[in-house]
Enquirer: 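So that we are looking at the same thing, I have put the structure below in structure tokens.
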Amino acid sequence: MEFYKYQEDGMEVFPASVWLNLLTDTELLAFSRSTTQIIVDTALLMSKRDWVVDITSTRFDEVMAACVAENIFTSDRVAQFKLGVRQIGEPEYRFPRGV
């Protein structure tokens, strides 16, 4: 199993599966149940093909703005997404403050 976390200077483009796995259950459900067209289209793209998340793209900004407007994510959460992700080992995932 692979583990990731949001971190400044992390990867700015990564598989959608990584981003989806980092969402909470509540966020994932709200994202997938949205009726806002740009969110619906994005969820469909993410689930039906090997889509990537590019946190520097205009599309990402537009989708995140729609998600904030629907209260799916907070502005702080979007800021966290914009940091990018980096792969981590299982010990860092299980014990984020150190062992």
Enquirer: Using every non-hydrogen atom in the two residues, find where V68 and V78 come nearest and quote the distance to one decimal.
Expert: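 Looking at all heavy atoms of both residues, the closest pair is CG2-CG2, 3.6 Å.
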
Enquirer: Report yes or no: do F60 and V13 belong to one cluster of Ile/Leu/Val/Met/Phe/Trp/Tyr joined by side chain heavy-atom distances under 4.5 Å?
Expert: no

Enquirer: Mark yes or no for whether E92, through its side chain, and G89, through its backbone, hold a donor-acceptor pair below 3.5 Å.
Expert: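 Flag not set: sc E92 to bb G89 has no pair under 3.5 Å.
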
Enquirer: Does any non-hydrogen side-chain atom of F14 lie less than 4.5 Å from one of V85?
Expert: yes

Enquirer: Atom OG1 of T42 and atom CE of M64: how far apart are they, to the nearest 0.5 Å?
Expert: 8.0 Å

Enquirer: Could you tell me whether K82 and E12 make a salt bridge, using a distance below 4.0 angstrom between a side-chain N and a carboxylate O?
Expert: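 Salt bridge absent between K82 and E12.
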
Enquirer: Please tell me if the side chains of K5 and Y93 come closer than 4.5 Å, counting only heavy atoms from C-beta onward.
Expert: no

Enquirer: Residues in side chain to side chain donor-acceptor pair (under 3.5 Å) with Q80, at least two apart?
Expert: R77

Enquirer: Taking the side chain as C-beta and beyond, is there a heavy-atom pair between Y4 and N21 under 4.5 Å?
Expert: no

Enquirer: For a quick test of reading the model, state the closest non-hydrogen atom pair linking D54 to T56 and the distance between them.
Expert: OD1-OG1, 2.5 Å

Enquirer: Same cluster or not: W51 versus M11, using hydrophobic residues (I, L, V, M, F, W, Y) connected whenever any side-chain heavy atoms lie under 4.5 Å apart?
Expert: yes

Enquirer: Kindly work out whether a path of hydrophobic side-chain contacts (I/L/V/M/F/W/Y, heavy atoms less than 4.5 Å apart) joins L20 to L29.
Expert: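 No, because L20 and L29 fall into different hydrophobic clusters, even though each may have its own neighbours under 4.5 Å.
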
Enquirer: At their closest point, which heavy atom of A16 faces which heavy atom of V53, and how far apart are they?
Expert: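 Heavy-atom minimum between the residues: CA-CG2, 3.9 Å.
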
Enquirer: With salt bridge (charged side-chain N to carboxylate O under 4.0 Å, His left out) as the rule and sequence neighbours excluded, what pairs involving residues 29-43 come up?
Expert: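 Sorted result for residues 29-43: empty, none.
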
Enquirer: Roughly how far, to the nearest 0.5 Å, is the CD atom of E2 from the CD1 atom of I88?
Expert: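 Rounded to the nearest 0.5 Å, the CD1-CD separation comes to 11.5 Å.
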
Enquirer: Under 4.5 Å between any side-chain heavy atoms of I39 and F31, yes or no?
Expert: yes

Enquirer: To the nearest 0.5 angstrom, please state how far the CD atom of Q37 sits from the CG atom of L44.
Expert: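 Atom-to-atom, Q37:CD and L44:CG are 9.5 Å apart.
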
Enquirer: Determine whether the aromatic ring centres of residues W19 and F81 are separated by less than 6.0 angstrom.
Expert: yes

Enquirer: Which pair of heavy atoms, one from S34 and one from I72, lies closest together, and at what distance?
Expert: CB-CD1, 4.2 Å

Enquirer: Do E27 and F73 come close enough that some side-chain heavy atom pair is under 4.5 Å?
Expert: yes

Enquirer: Establish, from distance only, whether the side-chain atoms of D76 and T74 form a donor-acceptor pair under 3.5 Å.
Expert: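 No, T74 and D76 have no side-chain donor paired with an acceptor closer than 3.5 Å.
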
Enquirer: Is there a path of hydrophobic side-chain contacts, each under 4.5 Å between heavy atoms of I, L, V, M, F, W or Y residues, that connects I55 with V52?
Expert: no

